[in-house]
**Student:** 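Below you'll find the structure I mean.
Residue numbers begin at 1 in each chain, while the letters A, B, ... track the order of the sequences.
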Protein chains: 2
Amino acid sequence: MQNSEALALAAALLAAAGELTRHINDGVVARGFDGRPAYGFAFTRLAPDGATVTELATHLGVTKQAASQLVDELVRKGYVERRAHPADARARLVVLTGRGWECTRAAEEAAAEAVRAWSDVLGEGEVAVLRDRLVRIAPHGPIRPTW
Amino acid sequence: MQNSEALALAAALLAAAGELTRHINDGVVARGFDGRPAYGFAFTRLAPDGATVTELATHLGVTKQAASQLVDELVRKGYVERRAHPADARARLVVLTGRGWECTRAAEEAAAEAVRAWSDVLGEGEVAVLRDRLVRIAPHGPIRPTW
DNA sequence: ACATATGGTCAAGCTACTTGACCATATGTA
DNA sequence: TACATATGGTCAAGTAGCTTGACCATATGT
């Protein structure tokens, strides 16, 4: 592979990820939720059993302070609650509220909608293959484009 | 595809894109260039013949003011120059300097290096397929994760 | 010729992050 | 036990990189 093709791959990845993220957020907003893209990805970590701020920070690839601020925001908007952690008195368990679950489902619907458009181009099987490859490449990386 | 799998695809895309972007930037910095990830993607638009600020803004998915600020930064660091536009006296053509070309090549090398690691996992052919699929999905989208 | 559109910059403001300091609790070690 | 250190979390302040709004110069259409 030529060097320039590697950069092209990076550009395509960013373009696809950005487009998908935007679609999801638009869909969530269209369904009546006040949010920004980070919410959906926070929710995937908080569901189904909640998570600590530190775990969320790792998942999102930000400092725990930034994650804490995000949780503040989510609490203010009624999507999550801070509860006492059952096994560690220092920690607090952040869990989804009813409305948080609704918003999560809205994000999933919007994501499915966006991916459906890709299936129309590539076919459903190819999209599944694509997902499989991506998961094998970046299985545990933080969900954060950071640029 | 289940709804939650669509979100998983989005997460995998973001994780892969983020990891690749970080690798590229680290590689560029390691080669002695002072930069941030946006530079590389700006360079792909500026090479080979330059571009206007407005074109760059579209490519990066930001306002032209933001693109202009980025160009300021690139000028200050010696990577690009503003020249008179040959066909439009309002516009200015932003072109790479010699050092800008060096930095571009460094970014390409770093990108190739990162992609090589993926080839070790998936095989070179699969990576090429991956790139092909992504290009077909998001051919012209702005290079910007925006979340 | 004039009205409107477009390329670009300047200025100001804001969002989402960072670093640094700090407290409370947990865990390892003598 | 007592103490040192590590970890989870928050508060506060600073900042990078974007935004919106105003404006000028040039181009384009009528």
**Student:** What heavy-atom pair brings B:L60 and B:A42 nearest, and what distance separates the two atoms?
**Tutor:**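 So the minimum-distance heavy-atom pair works out to CD2-N, 4.1 Å.
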**Student:** Which residues end up grouped with A:V95 if you chain together Ile, Leu, Val, Met, Phe, Trp and Tyr wherever their side-chain heavy atoms are less than 4.5 Å apart?
**Tutor:**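 Same cluster as A:V95: A:L93.
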**Student:** Can you check whether A:T54 has a side-chain N or O nearer than 4.0 Å to OP1 or OP2 of D:dG9?
**Tutor:**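 Checking A:T54 against D:dG9: at least one side-chain N or O falls below 4.0 Å of OP1 or OP2.
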**Student:** Starting from A:V29, walk the hydrophobic network (Ile, Leu, Val, Met, Phe, Trp, Tyr; side-chain heavy atoms closer than 4.5 Å) and list everyone else you reach, by chain and number.
**Tutor:**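 Its cluster mates, by chain and number: none.
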**Student:** So which heavy atom on B:A107 is nearest to which on B:I24, and how close?
**Tutor:**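 Looking at all heavy atoms of both residues, the closest pair is O-CG2, 4.0 Å.
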**Student:** For nucleotides 19-21 of chain C, list the nitrogen or oxygen atoms of the protein found under 3.5 Å from its nitrogen or oxygen atoms, one pair per line.
**Tutor:**
| from | atom 1 | to | atom 2 | distance (Å) |
| --- | --- | --- | --- | --- |
| C:dG20 | O6 | A:Q65 | NE2 | 2.7 |

**Student:** Please compare A:A67 and B:A51 by the position of their nearest nucleotide in DNA chain C and report the one closer to 5'.
**Tutor:**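 Result: B:A51.
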**Student:** Which residues, if any, of residues 75-92 of chain A bring a heavy atom under 4.0 Å of DNA chain C?
**Tutor:**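 Nucleic-acid contacts, sorted: A:D88, A:A89, A:R90.
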**Student:** Of all residues at least two apart in sequence or in a different chain, which pass the salt bridge (charged side-chain N to carboxylate O under 4.0 Å, His left out) check with B:R90?
**Tutor:**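 Applying salt bridge (charged side-chain N to carboxylate O under 4.0 Å, His left out) to B:R90 gives B:D88.
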**Student:** Has A:T52 got a side-chain N or O lying under 4.0 Å from the OP1 or OP2 atom of D:dG8?
**Tutor:**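 For D:dG8, OP1/OP2 do not have a side-chain N/O of A:T52 under 4.0 Å.
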**Student:** Mind calculating the distance between CG (B:D72) and C1' (D:dC18) to the nearest angstrom?
**Tutor:**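 So the two atoms are 14 Å apart, to the nearest Å.
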**Student:** Rounded off to whole Å, could you give me the CD-to-C1' distance for the A:E55 and D:dG8 pair?
**Tutor:**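 My rounded result for the distance is 10 Å.
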**Student:** So, the side chain of B:T97 versus the backbone of B:G78: is there a donor-acceptor pair under 3.5 Å, distance only?
**Tutor:**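 Present.
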**Student:** Once side-chain contact (heavy atoms from CB on, under 4.5 Å) is applied, do any residues pair with B:R92, and if so which ones, sequence neighbours excluded?
**Tutor:**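 B:R92: side-chain contact (heavy atoms from CB on, under 4.5 Å) contacts with B:R82.
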**Student:** Side-chain donor-acceptor contacts of residues 43-50 of chain B below 3.5 Å, not counting sequence neighbours, with atom names and distances?
**Tutor:**
| from | atom 1 | to | atom 2 | distance (Å) |
| --- | --- | --- | --- | --- |
| B:T44 | OG1 | B:F41 | O | 2.7 |
| B:T44 | OG1 | B:H59 | NE2 | 3.4 |

**Student:** When the C1' atoms of the five terminal pairs at each end define the local axes, what inter-axis angle does the helix from C:dA1-D:dT30 to C:dA30-D:dT1 show, to 10 degrees?
**Tutor:**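 Computed angle between terminal axes is 30°.
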**Student:** Restricting to salt bridge (charged side-chain N to carboxylate O under 4.0 Å, His left out), what partner residues turn up for A:D26, sequence neighbours left out?
**Tutor:**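 Per chain and number, A:D26 pairs via salt bridge (charged side-chain N to carboxylate O under 4.0 Å, His left out) with no residue.
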**Student:** Check A:V53 against A:S68 and note the closest heavy-atom contact, atom names and distance.
**Tutor:**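 Distance-wise, the nearest heavy atoms are CG1-N, 3.8 Å.
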**Student:** Go through residues 23-33 of chain B and report each residue with a non-hydrogen atom lying under 4.0 Å from DNA chain C, sorted by number.
**Tutor:**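 Those residues whose heavy atoms fall under 4.0 Å from DNA chain C, taken from residues 23-33 of chain B, amount to none.
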**Student:** Got A:V94 and A:T52 here, is their nearest side-chain heavy-atom distance under 4.5 Å?
**Tutor:**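 Contact flag for A:V94/A:T52 side chains = no.
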**Student:** OP1 or OP2 of D:dG9 versus the side-chain N and O atoms of A:S68: is any pair under 4.0 Å?
**Tutor:**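 No.
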**Student:** Please report the distance, rounded to the nearest Å, between NE2 in A:H59 and P in D:dG8.
**Tutor:**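 Between P of D:dG8 and NE2 of A:H59: 17 Å.
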**Student:** Excluding sequence neighbours, so at least two apart, what forms salt bridge (charged side-chain N to carboxylate O under 4.0 Å, His left out) with A:R31?
**Tutor:**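 Result, salt bridge (charged side-chain N to carboxylate O under 4.0 Å, His left out) vs A:R31: A:E109, A:E113.
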**Student:** For B:L93 and C:dG8, what is the distance between atoms CG and C1' respectively, to the nearest whole Å?
**Tutor:**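 Answer to the nearest Å: 14 Å.
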**Student:** Rounded to whole angstroms, how far apart are CG on B:L56 and P on D:dG17?
**Tutor:**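 Rounding to the nearest Å, CG of B:L56 and P of D:dG17 are 15 Å apart.
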**Student:** How many Å lie between CG on A:L70 and P on D:dC11, as a whole number?
**Tutor:**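 It is 15 Å, rounded to the nearest whole Å.
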**Student:** Take the protein atom CZ of A:R36 and the nucleotide atom C1' of D:dC18, then report the distance between them rounded to whole Å.
**Tutor:**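 From A:R36 CZ to D:dC18 C1': 14 Å.
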**Student:** For A:E102, enumerate each residue passing the side-chain contact (heavy atoms from CB on, under 4.5 Å) test, keeping only those at least two apart in sequence or located in another chain.
**Tutor:**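 Partners of A:E102 by the side-chain contact (heavy atoms from CB on, under 4.5 Å) criterion, ordered by chain and then number, come out as A:F33, A:R99, A:R105.
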**Student:** If you count heavy atoms of other groups shown closer than 6.0 angstrom to NE2 of B:H85, is the number above 12?
**Tutor:**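 Above 12, so yes.
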